[in-house]
Amino acid sequence: MKKEIAVFLGTLLGVASILGFTATSGAAVISAATQACIDCHETINPGMVADWRKSLHATVSPAEAIKKPLLERRVSFKNPPPGLEATAVGCAECHTLNSDAHKDTFDHNGVKVHIVVSPRDCATCHPEEVAEYGHNIMSQAHGNLLQNPVYKSMMDAANCLQKFDGVRARLTTVDKLTEEDSCIHCHGTKVEVTGSKIRETSMGEMTFPVLSGWPSGGVGRINPDGSKGACTACHTRHAFSIEMARKPATCSECHKGPDVPAYKVYQVSKHGNLYESAGDKWNFSAVPWTVGRDFTAPTCATCHASLLVNEAGDVVAKRSHQMNDRSAWRLFGLPYAHPHPQSPDTTIIKNRAGLPLPTELTGETAAGYLIDKKEQGKRRASMQAICLQCHATSWVDGHFARLENSVETTNQMTRTATDIILAAWKKGLAKGLDKKDSIFNEAIERMWVEQWLFYANSTRFASAMGGADYGVFADGRWYMSKNIQQMADWLFFLEAAQKNEKNGRTTKK
Amino acid sequence: MKKEIAVFLGTLLGVASILGFTATSGAAVISAATQACIDCHETINPGMVADWRKSLHATVSPAEAIKKPLLERRVSFKNPPPGLEATAVGCAECHTLNSDAHKDTFDHNGVKVHIVVSPRDCATCHPEEVAEYGHNIMSQAHGNLLQNPVYKSMMDAANCLQKFDGVRARLTTVDKLTEEDSCIHCHGTKVEVTGSKIRETSMGEMTFPVLSGWPSGGVGRINPDGSKGACTACHTRHAFSIEMARKPATCSECHKGPDVPAYKVYQVSKHGNLYESAGDKWNFSAVPWTVGRDFTAPTCATCHASLLVNEAGDVVAKRSHQMNDRSAWRLFGLPYAHPHPQSPDTTIIKNRAGLPLPTELTGETAAGYLIDKKEQGKRRASMQAICLQCHATSWVDGHFARLENSVETTNQMTRTATDIILAAWKKGLAKGLDKKDSIFNEAIERMWVEQWLFYANSTRFASAMGGADYGVFADGRWYMSKNIQQMADWLFFLEAAQKNEKNGRTTKK
Amino acid sequence: MKKEIAVFLGTLLGVASILGFTATSGAAVISAATQACIDCHETINPGMVADWRKSLHATVSPAEAIKKPLLERRVSFKNPPPGLEATAVGCAECHTLNSDAHKDTFDHNGVKVHIVVSPRDCATCHPEEVAEYGHNIMSQAHGNLLQNPVYKSMMDAANCLQKFDGVRARLTTVDKLTEEDSCIHCHGTKVEVTGSKIRETSMGEMTFPVLSGWPSGGVGRINPDGSKGACTACHTRHAFSIEMARKPATCSECHKGPDVPAYKVYQVSKHGNLYESAGDKWNFSAVPWTVGRDFTAPTCATCHASLLVNEAGDVVAKRSHQMNDRSAWRLFGLPYAHPHPQSPDTTIIKNRAGLPLPTELTGETAAGYLIDKKEQGKRRASMQAICLQCHATSWVDGHFARLENSVETTNQMTRTATDIILAAWKKGLAKGLDKKDSIFNEAIERMWVEQWLFYANSTRFASAMGGADYGVFADGRWYMSKNIQQMADWLFFLEAAQKNEKNGRTTKK
């Protein structure tokens, strides 16, 4: 009978494991410090604590975690974190770590606690992952946007208030909260302590730091300890699960708009169809992630980040938090698609025209700052090794030939649209660089922006991921083609209207 | 052994309950009257009956339902509904209730049956819920739209046919079926009996009432018994489950368009990511709904409707079918975002200009008809009590500061766009109120409409729910900013074209 | 005890079956030929093999499959396929079938293998399904698009590169890879052998055919054996599951764009809400598919393809791979919605104006080529028989009355937009057929295209499926109405700008 029961239990656990329940030996020992946190916060913020209780942080101590075979490890420290190895990774373990480096540290019931847990804190147990992420362009997303005057002027074109003077509308001012709620939501805010505040709480009066740039979960967050990034952007608090980071919905938070429609393209791709239809039977928690056994079609993480093995245990792809090291091209045009920048800090780039852009306005690349053909080939080969797990070589070769062609043709269409905007500037029908004006603020300039930022990008993403209609009617080639026709007509209208105005009939200033 | 088996069964039921199967004691007793319905209709409309058989209506009698502890109750009657308490709530229980009040009642095999079950019928067992819904602006959605001449003229701008006279296109007529298929699909049709009809059926010739405005599942449906609303808009027939009403897809039917992109914004928010990635492990059926145990991130219902408790059983939020009593602002601009109307019947509102709008065209609120700052504060606090279950105070405060700022700045951008349309009317380049013309029918007027209805709304929804790109490139701030530039250019083009016409070169009438 | 264990196992299997695990008797016998394939390819392409191992092809031999009762059969052959009946349907069974007919056949380790498995190959076991698909307009999707000069010119308007000459932008050339990555991704490429290539592999040097038009999974693929179609477009490789074909995500690959937003409309319909909220408890594998028991709301396949029965086992709808034989109207306007073409090959159609279009530009149908009212009635009745499984007659009648009305009114709006474009051609403000120019390439012509291709189509799909906002603000009636106003203004601007140019002030050629 015992044996039979064991069989049942085995079957049951099998069902459970297929359903995504992680079999754990129960909770790890909770430190006294963390227990003190929980004693109050389980009442005040029960959702926060409940989420954590389901996490591996709550159930596996670092000392246990490091015992796993190398490929199965989710931690990468060399030496056990002093004093932390034996207990669950709880509130106190993270929020009191490196306190001196944190400007957001405050005295909380006699304990030095900081609010914002940073990648530098996470690196205590996950140093390799954090180091990889340091090479990820996302880790620099805040500065890459705000410290680049060209990109900043595009932010302004989106975020500034405007005033209408009776003839023309002009950009005025923008405030910090708007930027944080807009572009920087994804790029990451700068979190700073601006003061402190006494607040009446259920535990009586208490003093808390006042943070600006908060809330913040963007990938390039500037933390109060000076580090950059937010691991929780993808490993959502307070479960921090690998399952969530592997599911495409997580990426959709920042990769769904018309500028980077990766998630929308994925959804209508064959891969996305498979995920949507069969993904509920896949195992999103296994480390390493075994092709065929754990899943039968890729998610975003499969192709761009995860450690993959085959059933024999051979490594198909190494784990990467750099994310772009399996991609030959940066499909995101600025304004043209181009080889990936060498450095994650893109503010150092200067094209020949002196602009901080990876390409000229006329399309040539700022080659010295970008990876070369050899590195492109290496990255493409890394990706193709994954494709080949399910596809034959002829299929893979054909797919990549179309992608290369799409990069080329969409760039040509961006060039044509650029010729129109150059003509507009030359004819004085719009104000560009020569007038020291923003190149993104007027109506026809915005049509030009959408040509590359929305339509060429959509087309390339569709090409890269088999997203069909996003390369045709859904912000794809139809729009690339139509927009050029509309830009030419708009220029024609502007010219006629300006002539009419100059003839003294109106008084456009 | 018995004990071991019990453990297995317990585990099994645990798995089953996590999967969302409701443990019931099987079906309740079916009344003879309902059995008579089923005898035929299980053959004629098997899907209808099968759906009902899975419902709590089929498995729990009112008498059993009222025995639950107060917080667990799904019924709210004081006195047991006479004659209905002991049986399943089946076909006959609902479709023969209050027959005399129903103009759609007809004789069906000797029984007085009505087709449309109304909130007044549901109130027999759910009086509190129906009363709450009476305070919900949605319950007035039919009249609020059709009885407001300004909104009706916007409906016409969407639905009317048009004719082109060789120079200009003009709105002509609209028919009832189009309106029912368009705006009123969500707002709710008026269901009326227009006659009766003999039809050959599998049971021989039978007479049925002919209904106009049918099908109908809109939230503000005008029922044949004079009541307003359709509980089935969210508690879909014939399962009427709370699970469905709590899942965000249900809300998407009416809250996905560019005018109210709540569902799309939710999907890309961190909350939506969590639902999509982990929601299959949540319990959507529990009453009350326990934060942390039953779910770890909110759906639409969590924040706007559901009865929430913490694990200690303390009430975090009271159940609300009013829905807007946890929200300080009506983010939906008309044309400006504004404090919620006091009365769900908004046809009573008159602004200072005499228009039935909650704000002036220049932005000031029709204050006397809207909730005051104190009530706004109370509603905001109700919402924040929910946020605090998972977020610290500093996070919540920062979030709401950004939302307040977005309300202010998006309203300013609507004002700028309005300045352009006011100039267009003044210059005679479009026909507005002074010409007694619709303010929504011409091309430039429609650009103005999209400024607040699509772009400002999207931006505010994104701000309220952390929807990132819907506040930037996906109908967000980029479009708010671009649209103003395009409106100014369009005005410029109109002026030149009109001058050209007046110079006798064309004959635009 | 044995009995108790059996009960547990039964319960467990019940849970498993609800979860969608197919209970099989394990794998069927694998042929030696297939085993030889697997021996290498399980290492080289493990995902491919793993997916197949989960399929019915791997677990049920044709001989077993044909033994099922008629309604439960998934195969339709009369005589067992010689030599194939007793083994699993594996690599060799499909990829070596009919080798002589396949131009992509090559010698692979001494075996004649072809790369592209075609419907003609599938017909060995599924002849009825393939024959049905031959009547499906999708099977002709390649030729219907590329062999129709009008449609080809619309492809060019989307795909051609453009050059700006300083005043006007003109279409130039298009390449094959772009077309394959764009329109033909869904319509299906022509797959041809263009040569052969020696490649270094892990097994040493080997020779492979070089294919053009590859990858390819479009519904109207032209295969190297001359047949048309790709069963894998919906029954995705290498699981080929009915479950996937029944889930709406599969259809989304090609039916999500603004031209055919069927999937998007479905998602916000009540049916889609039910699928999203409750579909995880439905059985997508059962054959036949029982209304009420297996599912309680339809997916795309339910209404358009699947074999449906009621619980009594009566057939509600026969299986159809023709797909349009339950639909009275082709909602997809070209440019007007019209009765379905009689022949799946639509290149044979000529309207009275001599164009290969199912309607005149002024709206009248090319009646001789389209199904008549009687056939429309028959198809509508087939669909309504499905609706009636869950809805009463009055509901169904009302629904279809609105759909008929939408077909009529959207066609009227297309006519109004066409009047504007006809005026543009007549006034010389755009170049149309009389100038032997494309009718789709200029800005105002593209606005006309979007009137019927995006907005009228969206409105009709919304009407057909209860998709609410897609008939109003999401590419629906609001856009139909706005676009006509914008087209009229654009014409007005073109006229003024052309006059300005003619007055010698500009030099637009």
Flag side-chain contact, heavy atom, 4.5 Å: [X] against [Y]:
| X | Y | value |
| --- | --- | --- |
| C:Leu429 | C:Glu495 | yes |
| C:Cys183 | C:Leu145 | yes |
| C:Trp214 | C:Val116 | yes |
| C:Lys54 | A:Lys281 | no |
| A:Ser306 | A:Arg246 | yes |

Using every non-hydrogen atom in the two residues, find where C:Gly47 and A:Cys390 come nearest and quote the distance to one decimal. CA-SG, 3.5 Å
Contact summary for A:Trp282 and A:Asp294, nearest pair of heavy atoms: CB-O, 3.2 Å
Distance check, rounded to the nearest 0.5 Å: [X] atom [atom1] versus [Y] atom [atom2]?
| X | Y | atom1 | atom2 | answer |
| --- | --- | --- | --- | --- |
| A:Arg402 | C:Ser182 | CZ | OG | 11.0 Å |
| A:Thr409 | C:Leu177 | OG1 | CG | 9.0 Å |
| C:Glu442 | C:Arg170 | CD | CZ | 9.5 Å |

Find the one option among [options] whose heavy-atom pairs under 4.5 Å with chain A are most numerous.
| options | result |
| --- | --- |
| C:His185, C:Glu253, C:His255 | C:Glu253 |
| C:Leu161, C:Asp51, C:Ile115 | C:Leu161 |
| C:Tyr263, C:Trp490, C:Phe440 | C:Trp490 |
| C:Thr236, C:Thr201, C:Leu171 | C:Thr236 |
| C:Ala249, C:Ser212, C:Gly279 | C:Ala249 |

Tell me, side chain or backbone of [X] under 4.5 Å from chain C's heavy atoms, or both, or neither?
| X | answer |
| --- | --- |
| A:Asp419 | both |
| A:Leu403 | neither |
| A:Tyr479 | side chain |
| A:Lys426 | neither |
| A:Ile420 | both |
| A:Asp397 | side chain |

Check the angle between the aromatic planes of C:Phe208 and C:Phe106 and answer parallel, tilted or perpendicular using the 30° and 60° thresholds. tilted
Which of parallel (below 30°), tilted (30 to 60°) and perpendicular (above 60°) describes C:His95 and C:His238? tilted
Based on non-hydrogen pairs under 4.5 Å, which of [options] is most in contact with chain C?
| options | result |
| --- | --- |
| A:Gly398, A:Ser481, A:Gly292 | A:Ser481 |
| A:Asp475, A:Leu388, A:Val291 | A:Leu388 |
| A:Gln486, A:Glu276, A:Lys482 | A:Lys482 |
| A:His391, A:Met480, A:Glu311 | A:His391 |
| A:Gln412, A:Met413, A:Met487 | A:Met413 |
| A:Leu491, A:Asp314, A:Val268 | A:Val268 |

Region of [X] in contact with chain A, defined by heavy-atom distances below 4.5 Å:
| X | answer |
| --- | --- |
| C:Val449 | side chain |
| C:Cys251 | neither |
| C:Met447 | side chain |
| C:Ser216 | backbone |
| C:Ile44 | backbone |
| C:Thr189 | side chain |
| C:Ala239 | neither |
| C:Lys176 | neither |
| C:Asn441 | backbone |
| C:Cys186 | side chain |

Side chain to side chain contact (heavy atoms under 4.5 Å, CB included) evaluation trace for C:Leu211 with C:Asp104: CA-CA 8 Å; C:Leu211 299 181; C:Asp104 55 328; 4.1 Å; yes
If you measure only the distance, is there a donor-acceptor pair under 3.5 Å linking the side chains of [X] and [Y]?
| X | Y | answer |
| --- | --- | --- |
| C:Arg199 | A:Ser394 | no |
| A:Asn483 | A:Gln451 | yes |
| C:Glu243 | A:Ser277 | no |
| A:Asn405 | C:Asp181 | no |

For chain C, which residues from residues 459-468 of chain A lie under 4.5 Å away (heavy-atom distances)? A:Ser463, A:Gly466, A:Ala468
Taking A:Phe295 as the fixed residue, which of A:Phe284, A:Tyr275, A:Trp289 is the one that meets the ring pair (Phe, Tyr, Trp, His ring centres under 6.0 Å) rule? A:Trp289
Just to verify, which of A:Phe454, A:Trp448, A:Tyr455 counts as forming a ring pair (Phe, Tyr, Trp, His ring centres under 6.0 Å) with A:Trp452? A:Trp448
